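Since we're looking at a predicted model, the values are computed, not measured.
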Amino acid sequence: MSKNLVIVESPAKAKTIEGFLGKDYTVKSSFGHVRDLSKDGLGVDVLSDFKPNYIISQDKKKIVSELKKMASAADIVWLASDEDREGEAISWHLIQALEIDEKKTRRIVFHEITKDAILNAIKNPRLLDKNLVDAQQARRVLDRLVGFELSPVLWRKVKPSLSAGRVQSVAVRLISEREKEIENFNIISSYKVVGDFIVNRDSKDYLLHAELNKKFEGSKEAESFLKKCVNASFSISNVETKPSKKSPSPPFTTSTLQQEASRKLGFSVAKTMLVAQQLYESGKITYMRTDSFNLSDMALTTAKNEIIASFGNEYQQTRKYTTKVKGAQEAHEAIRPTYISKHAIDGDVYQKRLYEMIWKRTIASQMSDALIEKTNVNIAVSTASEEFVAKGEVIKFDGFLKVYIESTDDDNEENGKGTLPEVFKGDTLNMQEISAIERFTLHPPRYTEATLVKKLEELGIGRPSTYAPTISTIQKRGYVVLGNREGKERSYSIYTLKNNKITSNNKTEIYGYEKAKLFPTDIGNLVNMFLMEHFSDILDYNFTASVEKEFDEIADGHKIWNNMIKEFYAPFKEKVKDIQKNSEKVSGEKLLGIEPESGKNVYVKLGRFGPVIQIGETDDVNKPRFAGLMKNQSMETITLSEALELFKLPRKVGIYQDKEIVATIGKFGPYLKFDNSFYSLPKADSPFTVTIERAIEVIIEKLEKDSKKLIKEFTENADVKVLNGRWGAYIAIGKENYKIPKDKNPEKLSLEECLKIAEQPKKPGKKVFRKGKK
DNA sequence: CAGTGAGCGAGCTTCCGCTTGACTT
């Protein structure tokens, strides 16, 4: 047993570091936190100074007992968890959980995984910072109290199994409020005017495309401007050229990596983290959960050499970036290739693409500015005061753009790319065509996973390790869904002046198509409304920032953590008690109108099983009638007539083979019921309108498909069947399924062979996550 | 696999941040 035990947080890190240290050092990993608050009740004794009740996490018992053994055998235990609040707490918890004599421990920290950094750390151990640990305890206890006090309020007042928390509830609020903004958004149209002009130089014609520096509110104004242009002359009134430059972005952090992978590669936030983890574990990139822009000196040097060798001296510029992010803890480096000299890697296509992006971004961050010349050409109209402006952009020196172009979230900039023909003040122009085109204002964009992460980071809410899980939580709770919006058609007018004639046209365009955006659900909106009404202080966008400030004071030793929690908890708990006692259950009930036949009220509300329409009163002798909303409907937007439609189901479609076909909607969407069997309706068909002919078609199709399902069965044993499934042939015995080996022909299998295959131990396959309940 | 919405009220759900591994459809 070696004399020195070093404990780090991540096993991949442990492996690397062990190589740097001699054989006197054993390096192990704790796999993150090893203890957490008990889930039995609050896990915090609110009556005795908020004493936390820590227990060793279930999945850490094995590693803790192993570490404990090694620690007691070692002379010195080096606590090398990350240098941030959580890392300090991990070290402290290790001392407690491993029951090590604190005198036997040394606390060391390093920000980069290089031999120098590690050896230097070993030479400069420090004491455990108990104040920082207390700041972490305050953070942990606060989150527990907020989460475990608020969630039960929701169970009673809204719906069981819901949840609330400092981070997730703000995420839901952002999405819910954005949707309201979009609903209330007024689309305003205006006319933008563009013109094509010809410049003649050295008996050659050049095209100059320009936009008027004014937009017109209505078609009248736009048309009258065009009229003025009919007999006007056009000349260059000004040419302005000014140099400008673009600088590269800093290297990736977790959140910028997620954003850029979403835009450039179309990865979900979870996918990005999964692939990054693979790259990290195979030693190809540095740690992927970081909020730091920092690059190690070694990385700076290799990047420098790499750029000079590949592109030349003039492309290289060493840069150090500092963070602007609220509450950044900077325990790690930025995300970069471990070996910058490696331009590409082996791996699957996702790994290759993500690596390439990281490599380019890292290299670009150490390259020189791009020098750009921007030109504005003004074109005067002899009969009007407005001017046309043509914008051009010429890259004089590409600098970092040689390697990396960052993408943006809004992609509606068109003007100002490319070269302009050479023109001079006073040149006269030949007008070809001027158009006034009706354009519309855009509502604020819905959040994508990645733009939500960006927003949360700006607000200082959540950490690199929690962005992806938070997004998954708010979807699991049913607060938000990832969805698409079909584009809608609208017409716009366009007036064109050509050959001294003004013509007008109506054209149509598709607008508002959106893909993979976050939409709030009815439950999400309702919960947000409820929390905003009663706990707006916790949902405040600045709540995290203000408690972070207090955590900092605790870390600095200016505040006692229990006191801070006490100040927060007393009024908070009062409020919780008050709401539990006095507040009504909320269902978001809304009167939609009156059913014409019965004169009864039609309500929409959130029922036990989701949004529902209710006709009649709950306390009436005649019980009310209910119908659930369809998946694409929402409580916010459903109309009375749509609501009444829902009661037309189940609908008798007609008779087929003397039996009735009924169309309705179930748990899994619209379906047909016929002869005690179920037939899912394809998306294009509606249970309200499907005809008997079409229904029969659907039924026959399904029956045909089913008949192909059975490949073989055995008279001797009815339990055993060879079936055709989604992934090809398989053997079904009772309720168990078995894979058929590739060298066997499914159609020629005998009963004995089937049973033999079933005997074989099943191969371990990939674990598939199952969504939803149970 | 697929209609639920009245209501005995058992016993359950839930937070944020660290970190990976997983044994059956």
Checklist line | Pairing of E9(A) and R289(A) as salt bridge, 4.0 angstrom limit | finding: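 So E9(A) does not pair with R289(A) through a salt bridge.
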
What nucleotide among [options] has an atom nearest to a side-chain atom of [X]?
| X | options | result |
| --- | --- | --- |
| Y671(A) | dG3(B), dC18(B), dG21(B) | dG3(B) |
| F678(A) | dT20(B), dC16(B), dA2(B) | dA2(B) |
| H33(A) | dT20(B), dC16(B), dG17(B) | dG17(B) |

Note to self: With side chain to side chain donor-acceptor pair (under 3.5 Å) as the rule and sequence neighbours excluded, what pairs involving residues 459-474 of chain A come up?
What the structure shows: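 Residue pairs passing side chain to side chain donor-acceptor pair (under 3.5 Å), neighbours aside: D291(A)-R463(A).
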
[X] has an atom [atom1]; how far is it from atom [atom2] of [N], in whole Å?
| X | N | atom1 | atom2 | result |
| --- | --- | --- | --- | --- |
| F31(A) | dC18(B) | CZ | P | 18 Å |
| R156(A) | dG11(B) | CZ | P | 17 Å |
| Q137(A) | dC18(B) | CD | P | 15 Å |

Quick one: is [N] close enough that its OP1 or OP2 comes under 4.0 Å of any side-chain N or O from [X]?
| X | N | answer |
| --- | --- | --- |
| R166(A) | dG17(B) | yes |
| R289(A) | dT20(B) | yes |
| R139(A) | dG17(B) | no |
| S29(A) | dT20(B) | no |
| Q168(A) | dC16(B) | yes |

Base, sugar-phosphate, or nothing: which does [X] touch, judged by heavy atoms less than 4.0 Å apart?
| X | answer |
| --- | --- |
| G616(A) | nothing |
| V146(A) | nothing |
| A164(A) | sugar-phosphate |

Next item on the list: Measure across I538(A) and V170(A) and return the closest heavy-atom pair with its distance rounded to 0.1 Å.
Entry: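 Here I538(A) and V170(A) meet closest at O-CG2, 4.3 Å.
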
Next item on the list: For the pair E458(A) and Y541(A), evaluate side-chain hydrogen bond (donor to acceptor under 3.5 Å, both in side chains) and give the outcome as yes or no after the intermediate values.
Entry: CA-CA 10 Å; E458(A) 279 168 17; Y541(A) 294 131; over 6 Å; no

Check: Any donor-acceptor pair under 3.5 Å joining the side chain of S163(A) to the base of dT14(B)?
Finding: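 It does not, because no donor-acceptor pair links the side chain of S163(A) to the base of dT14(B) below 3.5 Å.
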
Note to self: For L459(A), run the side chain to side chain contact (heavy atoms under 4.5 Å, CB included) check against V167(A), N542(A), L174(A) and tell me which one passes.
What the structure shows: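 Per the side chain to side chain contact (heavy atoms under 4.5 Å, CB included) rule, the option paired with L459(A) is L174(A), out of V167(A), N542(A), L174(A).
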
Next item on the list: Could you list by number each residue of residues 464-477 of chain A showing a heavy-atom separation from DNA chain B of less than 4.0 Å, or answer none if no residue does?
Entry: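 Here the set is S465(A), T466(A), T473(A), R477(A).
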
Checklist line | F626(A) over dT4(B), stacked by centroid distance under 5.5 Å, angle under 30° | finding: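 According to the criterion (under 5.5 Å, under 30°), no, F626(A) does not stack.
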
